[in-house]
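Here the structure comes first, spelled out in structure tokens, and everything after it is commentary.
The structure presented is a predicted model; accordingly, all values stated were derived computationally and were not measured.
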Amino acid sequence: MSNPVSPATQLLAWRPRNLAGRMARWGVVIVIVYVLIALLTPLFTHLGLLPDVNAGLDNPIYAPPSWQHWCGTDRLGRDVCSRTLAGSGVALQVVAIALVSALVIGVPLGMVSGYLGGWIDRTLVLLMDTLYTLPVLLLSVVLAFLLGKGLPNAAAALCVVYVPQYFRVVRNQSAQVKAELFVEAARSLGAGPLWILRRYLFRNVITSVPVLLTLNAADAVLVLGGLGFLGLGLPETVPEWGSDLQQALSALPTGVWWTALYPGVAMFVLVLGLSFVGEGLESWLSGSGSSNRAQS
């Protein structure tokens, strides 16, 4: 009797044939590594294997990387390695809350707007287009300034930024799907709008959302870093890559490179992994759609 193969082993054994598939594979591996880091860092800190992210009074300031502090210390004597690893969990948590909230708000509004039309559609389109025309970073900076520092506030600022994108995609697809024959047949049989939205439109318009979700996640990591760099993201006691990079700027001309290198590399690799997943999903979905049309 053969032993069951774990999903991780299947992922590592998978050999995609095209470039997009290889990008998606490495993107998934990178994201899984970051998720594991986010889950294990608090445990290692609790067990004493990693220093506390805010403990620095007993450490020398701007100490270079050594066996005691693998990534050195910052201007307050805090361990750069611990703060960089803990920043992974903070970034994933804020981005996940923001994008899930944007999905919950944007997808239903887009379905209702595209299906019902009329003044509801015009009002929602006007509102969402107004938000969409504003630059992402500028809108998030204004919202973060109004809401103040904090993890829920940063997630809310990012959520408002990405709601119009989901709304526009879902609304356009809902307007197309509602003209299909199966929707007309369901309407003629007496199905109400809520039934049609739930049973027919949702499963047809949700297919393009995963691609947009992963690409928005990569963008949200950068926007969160920008907010932290401007001092508008999270409190100083919360380890965040953008704020650590901002604090590292003053010491960079003096040759203290480690306080900027490790948070910057961590942010870059996470954004790269999420972008790889999004590009791979987009290529796979477009290829599946092309093959289905060719078979039909």
- Item | Atom CZ of Phe202 with >12 non-hydrogen neighbours under 6.0 angstrom | no

- Connected via hydrophobic side-chain network under 4.5 Å: Tyr132 and Tyr162: no

- Check against side chain to side chain contact (heavy atoms under 4.5 Å, CB included), Met267 and Val221: CA-CA 7 Å; Met267 184 187 302; Val221 173; 4.0 Å; yes

- Message: Strictly by salt bridge (charged side-chain N to carboxylate O under 4.0 Å, His left out), give each pair with a member in residues 240-255 just once, sequence neighbours left out.
- Response: Arg83-Asp244

- Query: Is there a donor-acceptor contact under 3.5 Å from the side chain of Thr214 to the main chain of Pro210?
  - Reply: yes

- Does any N or O in the side chain of Thr73 come within less than 3.5 Å of the main-chain N or O of Tyr62, such that one atom is a donor and the other an acceptor? yes

- Query: Of the non-hydrogen atoms in Met128 and Phe167, which two are nearest, and what is the gap between them?
  - Reply: CG-CD2, 3.3 Å

- Note on the structure: Value for CG (Asp121) from CG (Leu126), rounded to nearest 0.5 Å, stands at 11.0 Å

- Query: Would you call the rings of Tyr34 and Trp241 parallel, tilted or perpendicular, where under 30° means parallel and over 60° means perpendicular?
  - Reply: perpendicular

- Looking only at heavy atoms, the pair that brings Leu50 and Ser82 closest together is CB-OG, 4.0 Å

- Query: With sequence neighbours left out, which residue pairs that include part of residues 29-43 fulfil the salt bridge (charged side-chain N to carboxylate O under 4.0 Å, His left out) condition?
  - Reply: none

- Query: Which atoms form the tightest heavy-atom contact between Pro239 and Val90, and what is the distance?
  - Reply: O-CG2, 3.4 Å

- Message: Can you tell me how far apart OH (Tyr166) and CD1 (Ile206) are? Round to the nearest 0.5 Å.
- Response: 10.0 Å

- What closest approach, in Å, do Ile61 and Gly77 show between heavy atoms, and which atom pair accounts for it? CG2-N, 3.8 Å

- Message: When you measure from the side chain of Thr123 to the backbone of Ile120, do you find a donor-acceptor pair of N or O atoms at a distance under 3.5 Å?
- Response: no

- Message: Can you confirm whether Ile97 sits close enough to Gln93 that some side-chain heavy atom of one is under 4.5 Å from a side-chain heavy atom of the other?
- Response: yes

- Message: Any side-chain to backbone donor/acceptor pair from Trp258 onto Trp70? Under 3.5 Å, distance only.
- Response: no

- Beyond-backbone contact of Leu103 with Val209, side-chain heavy atoms, under 4.5 angstrom: yes

- Message: Can you confirm whether Leu158 sits close enough to Val94 that some side-chain heavy atom of one is under 4.5 Å from a side-chain heavy atom of the other?
- Response: yes

- Note on the structure: Here the pair of heavy atoms bringing Ser275 nearest to Leu215 is O-CD2, 4.3 Å

- Item | Worked check of side chain to side chain contact (heavy atoms under 4.5 Å, CB included) between Asn54 and Arg78 | CA-CA 6 Å; Asn54 293 313; Arg78 299 172 300 189; 4.1 Å; yes

- Between Ser113 (side chain) and Leu109 (backbone), is there a donor-acceptor pair under 3.5 Å? no

- Task: Could you check Val223 against Val136 for side chain to side chain contact (heavy atoms under 4.5 Å, CB included), going step by step and ending with a plain yes or no?
- Result: CA-CA 8 Å; Val223 175; Val136 172; 3.8 Å; yes

- Would you say Thr41's side chain and Ala38's backbone share a donor-acceptor pair under 3.5 angstrom? no

- CG-CG distance between Leu230 and Leu137, expressed to the nearest 0.5 angstrom: 6.5 Å

- Ser88 and Leu270, any side-chain heavy atoms less than 4.5 Å apart: no

- Item | Contact summary for Ala24 and Val277, nearest pair of heavy atoms | O-CG2, 4.2 Å

- Item | Nearest-0.5 Å distance that lies between atom CG in Leu227 and atom CG in Leu222 | 11.0 Å

